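In what follows, a structure is listed as structure tokens, so that the remarks can point back to it.
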Amino acid sequence: MGSVNTDTVFAVAALPAPGETVLAAAQSTHPGGKGANQAVAAARAGARVQFVGAVGDDEAGLLLRRHLHDNGVGTEGLTTMPGPSGSAVITVDPSGENTIVVAPGANGAWALDSGQRNLIADCDVLLMQLEIPIPVATAAAELAHASGATVILNVSPPGGDVAELAGLIDVAVLNETESARFHHQVPHRVVTLGAHGARYRGSGGTRTVPSPVVQAVDSTGAGDVFAGVLATEWAGGIEHALQRACVAGALATLVAGAGDCAPSAEAISAALEAFTPGR
Ligand code: RIB
């Protein structure tokens with residue numbers, strides 16, 4: 001469950017500093033949105049996925065709905081709201097680092113309907129992020145929690161009052177910056193470390209899992225792929241899920257754009273097999 005955006009990506013020599021204007025070497029458009037990216041990553045990794053979220057009643061909304069459908073993601077829970085779909089402006093530098101600004105559009109203007117509530121009450125794993133209204137995420141977490149599902153929250157972007165929501169989640173997935181700002185106790189905390197893999201702390205102990213070394217071209221969406229694969233594999237054990245998520249996140253950086261960078265289950269298995277930590 002989460003956001004669906006159209007990403008406009010500008011390739012720049014250096015990310016703009018505050019007050020600075022920079023010229024882009026290239027511009028491209030991709031499907032995106034943390035929710036959609038994570039749903040597609042989970043579906044490609046082998047999960048049966050139903051998406052819950054909102055698009056606008058514009059052309060972008062139709063294209064984004066088709067993108068999810070074409071990737072095997074169920075769209076019965078994708079509602080259409082009057083007004084524009086979500087969009088994002090992304091700058092990417094030659095090392096693959098990025099900045100992202102999101103205009104929420106439909107993602108910021110919806111509430112759960114009965115069909116969406118039924119989908120959530122039926123799921124085994126609810127995976128969310130924070131590009132949707134926090135009350136909507138909290139209501140979904142309540143439903144999933146009550147039905148015994150695993151609730152995973154990618155606490156991104158940070159900010160807002162998530163105290164009530166935090167009390168309903170099983171797994172928090174955050175990058176290091178987000179983790180430093182998230183002070184709630186959760187049963188499982190997974191911190192992504194970029195090229196260095198991921199760190200786990202929780203009722204399963206503590207551990208750090210490395211990532212394969214790759215020549216990243218675009219890190220946008222890599223965290224989403226990590227979260228989608230982690231959710232897909234969570235029931236198989238923490239170590240197993242972390243390993244596959246780290247490998248998938250690394251593979252995602254080899255592809256430009258966030259919405260189409262997730263590897264298949266077979267590609268994750270092959271890369272995991274070939275991967276020698278630290279090489
Ligand atoms: O995590 C990357 C995503 O963040 C982009 O696709 C953009 O749309 C924003 O949601």
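All values derive from a computational prediction rather than experimental measurement. Both counts, for ligands and for their atoms, begin at 1 and track the order of listing. As a basis for the values below, the full set of heavy atoms in this structure was taken, side chains included, without hydrogen atoms, waters or symmetry mates.
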Sub-4.0 Å heavy-atom approach of G33 to ligand 1 = yes
Within the 4.5 Å heavy-atom criterion, are [X] and [Y] side-chain neighbours or not?
X    : Y    : value
L153 : Q129 : no
N5   : E131 : yes
T6   : L63  : no

Can you sort out which atoms of ligand 1 are near [X], meaning under 4.0 Å from one of its heavy atoms?
X    : result
N37  : 2 (C), 3 (C), 5 (C), 6 (O)
A88  : 7 (C), 8 (O)
D7   : 5 (C), 6 (O), 7 (C), 8 (O)
N5   : 7 (C), 8 (O), 9 (C), 10 (O)
A258 : 6 (O)

shortest atom 9 (C) of ligand 1-to-protein heavy-atom contact is with E131 OE2, 3.4 Å
In the protein, what heavy atom is nearest to atom 4 (O) of ligand 1, and what distance, to one decimal place, separates them?
-> K34 NZ, 3.1 Å
Qualifying residue for side chain to side chain donor-acceptor pair (under 3.5 Å) with T220, from N37, D7, N98, T91 | N98
For S269 and R244, test the side chains for any donor-to-acceptor distance below 3.5 angstrom and give the result as yes or no.
-> yes
Considering distance alone, does some N or O of I100 sit under 3.5 Å from an N or O of ligand 1?
-> no
Flag yes if V229 and F226 sit in one hydrophobic cluster, no otherwise; membership is Ile, Leu, Val, Met, Phe, Trp, Tyr, and two members link when side-chain heavy atoms are under 4.5 Å apart.
-> no
So does D70 pair up with R65, basic N to acidic O under 4.0 Å?
-> no
Run down the list N107, T6, D224, V225 and name the one with the heavy atom closest to atom 2 (C) of ligand 1.
-> D224
